[in-house]
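To start, the structure under review is shown below, and the notes come after it.
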Protein chains: 2
Amino acid sequence: MTSLQRVAGRPTWALGRAHARAQGLLGEAFAAAGVRGYHYRLLAALDEHGPCSQADLGRATGIDRSDVVAVLDDLVAWRMARRDPDPSDRRRNVVTLTGAGARRLTELDRVLDDVQEAVLAPLTAAERRTLLALLAKLS
Amino acid sequence: MTSLQRVAGRPTWALGRAHARAQGLLGEAFAAAGVRGYHYRLLAALDEHGPCSQADLGRATGIDRSDVVAVLDDLVAWRMARRDPDPSDRRRNVVTLTGAGARRLTELDRVLDDVQEAVLAPLTAAERRTLLALLAKLS
DNA sequence: GAGTATCGTTGGTCGTACCAACGAATCAAG
DNA sequence: CTTGATTCGTTGGTACGACCAACGATACTC
């Protein structure tokens with residue numbers, strides 16, 4: 001929060017505040033589920049793209065491949081994903097979603113849905129559509 | 001960026017993308033001017049509130065007082081602010097904006113204005129008002 | 001076969017944002 | 001007037017998302 005005139009009404013600030021609130025709720029919800037955003041994104045990519053290399057995961061999620069390593073370490077330790085050497089290209093690992101990972105992903109999908117609802121709660125359905133449309137134009 | 005269905009259309013994601021774009025432009029612009037957001041916020045607080053303690057600065061800007069220390073170190077090193085012991089309360093420092101600080105602030109105000117315009121460029125004036133109103137409702 | 005590109009990995013950096021704890025100083029209650 | 005609580009500046013640490021450089025190993029291309 002800030003009480004600065006110069007800052008308070010600025011679009012960048014309003015955007016930042018709204019984002020901070022959304023991110024705060026999302027972070028709390030994920031933390032309560034024992035994961036971070038990166039874990040969810042990787043699980044989602046594994047589900048949507050099927051088994052693939054770590055580099056592929058990075059490209060699919062927008063996560064730097066150096067960051068994929070540690071996050072995947074977690075998922076593997078939690079038995080939510082497997083990391084096997086690719087027999088057809090020894091540079092690569094084939095990353096596979098496990099049953100436990102798929103189940104966890106389903107739970108996290110609901111967590112994410114609930115957060116969307118909580119974030120948008122102050123808006124009517126029409127306002128939500130308008131906001132989404134305007135935000136889309138910005139990027 | 002991401003190509004994940006689960007993530008791409010979500011309001012939290014759209015908000016994050018728009019914020020990332022705005023923050024990216026702002027960060028670049030500030031970096032080109034040799035400062036970070038924290039520096040601007042502190043300068044603005046000094047201008048709007050007048051000389052005050054570091055704890056006051058923290059409260060006015062929403063910056064943790066432990067973070068104020070280092071940022072203020074920069075401003076002092078750059079001769080944009082002074083940090084003097086408060087004679088009436090020896091726990092405190094009185095932080096004062098210098099002429100150089102005020103001039104820099106004016107420059108940074110323009111930088112910030114330009115960034116607002118760049119961020120909102122894809123929207124009409126009416127859309128900008130609508131967006132601001134909706135964002136305000138969210139927080 | 002030589003040079004280029006990709007892969008996983010290590011080990012950094014950055015910015016924003018918190019939090020805990022400390023000694024010093026001040027304030028409030030008795 | 002003294003004791004206990006609070007505030008102040010400061011240090012040092014954590015977290016998260018994000019990026020970058022470089023490495024050895026492997027694969028691809030000419």
Side-chain angles (χ1 to χ4, degrees), chain A residues 1-2 7 12-13 15-17 19-31 34-42 52-76 81-95, chain B residues 1-2 7 12-13 15-17 19-31 33-42 52-76 81 83-95:
Chain A
M1 186 73 84
T2 198
V7 163
T12 48
W13 187 259
L15 218 38
R17 269 186 63 81
H19 173 251
R21 179 158 177 282
Q23 212 55 28
L25 291 175
L26 190 55
E28 271 182 43
F30 275 161
V35 300
R36 287 177 290 139
Y38 274 15
H39 295 124
Y40 177 78
R41 280 206 252 169
L42 240 51
C52 58
S53 73
Q54 298 180 200
D56 287 336
L57 283 179
R59 282 184 289 262
T61 57
I63 300 175
D64 192 279
R65 72 189 206 274
S66 65
D67 296 319
V68 169
V69 178
V71 179
L72 187 55
D73 283 346
D74 291 338
L75 294 182
V76 169
R82 286 205 330 269
R83 173 159 42 187
D84 306 297
D86 185 340
S88 75
D89 185 341
R90 288 190 294 168
R91 293 170 304 180
R92 300 186 187 179
N93 293 328
V94 178
V95 182
Chain B
M1 187 71 85
T2 198
V7 163
T12 48
W13 186 259
L15 218 37
R17 270 186 63 80
H19 174 250
R21 181 159 175 279
Q23 211 56 27
L25 290 174
L26 190 55
E28 271 182 42
F30 274 162
V35 300
R36 287 176 291 137
Y38 273 15
H39 295 123
Y40 176 77
R41 281 206 252 169
L42 241 52
C52 57
S53 71
Q54 297 180 200
D56 288 338
L57 283 179
R59 282 184 289 262
T61 57
I63 300 174
D64 192 279
R65 69 189 208 276
S66 66
D67 296 320
V68 169
V69 178
V71 180
L72 187 55
D73 283 346
D74 291 338
L75 294 182
V76 169
R83 173 159 43 187
D84 305 298
D86 184 339
S88 74
D89 186 340
R90 287 189 294 169
R91 292 171 304 181
R92 302 186 185 177
N93 293 328
V94 179
V95 183

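Order of the sequence lines sets the chain letters (A, B, ...), proteins ahead of strands, with each chain counted from 1.
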5′-ward residue of the pair A/Pro87/A/Gln23 relative to DNA chain D |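 Closest to the 5' end, via its nearest nucleotide, is A/Gln23.
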
What's the [atom1]-[atom2] distance between [X] and [N], to the nearest Å?
| X | N | atom1 | atom2 | answer |
| --- | --- | --- | --- | --- |
| B/Tyr38 | C/dC14 | OH | P | 16 Å |
| A/Arg36 | D/dT14 | CZ | C1' | 12 Å |
| A/Leu42 | D/dA18 | CG | P | 13 Å |
| A/Asp74 | D/dA15 | CG | P | 12 Å |
| B/Leu57 | D/dT7 | CG | P | 17 Å |

Residues that A/Asp89 engages under side chain to side chain donor-acceptor pair (under 3.5 Å), provided they are two or more places apart =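 In terms of side chain to side chain donor-acceptor pair (under 3.5 Å), with neighbours along the sequence ignored, A/Asp89 is linked to A/Arg91, A/Arg92.
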
Partners meeting side chain to side chain donor-acceptor pair (under 3.5 Å) with A/Arg82 (sequence neighbours left out) =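 A/Arg82 satisfies side chain to side chain donor-acceptor pair (under 3.5 Å) with A/Asp84 once adjacent residues are dropped.
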
Looking at A/Arg90, does any N or O in its side chain come under 4.0 Å of the phosphate oxygens OP1/OP2 on C/dC7?
-> no

Establish, with yes or no, whether the OP1 or OP2 oxygen of C/dA17 is under 4.0 angstrom from a side-chain nitrogen or oxygen of B/Arg41.
-> yes

In B/S/- notation (B base, S sugar-phosphate only, - none; protein heavy atoms under 4.0 Å), nucleotides 8-13 of chain C written 5' to 3' is BBBB--

Grab the two heavy atoms, one from A/Leu57 and one from A/Cys52, that are nearest each other, plus how far apart they are.
->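 Reported closest heavy-atom pair: CD2-SG, 3.6 Å.
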
Partner residues of B/Ala81 under the side-chain contact (heavy atoms from CB on, under 4.5 Å) criterion, sequence neighbours left out =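 side-chain contact (heavy atoms from CB on, under 4.5 Å) list for B/Ala81, sorted by chain: B/Leu46, B/Leu72, B/Leu75, B/Val95.
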
Who pairs with B/Arg41 by side-chain contact (heavy atoms from CB on, under 4.5 Å), at least two apart in sequence or on another chain?
-> A/Leu4, A/Trp13, B/Tyr38, B/Thr61, B/Ile63

Protein-nucleotides 2-4 of chain D N/O pairs closer than 3.5 Å?
none

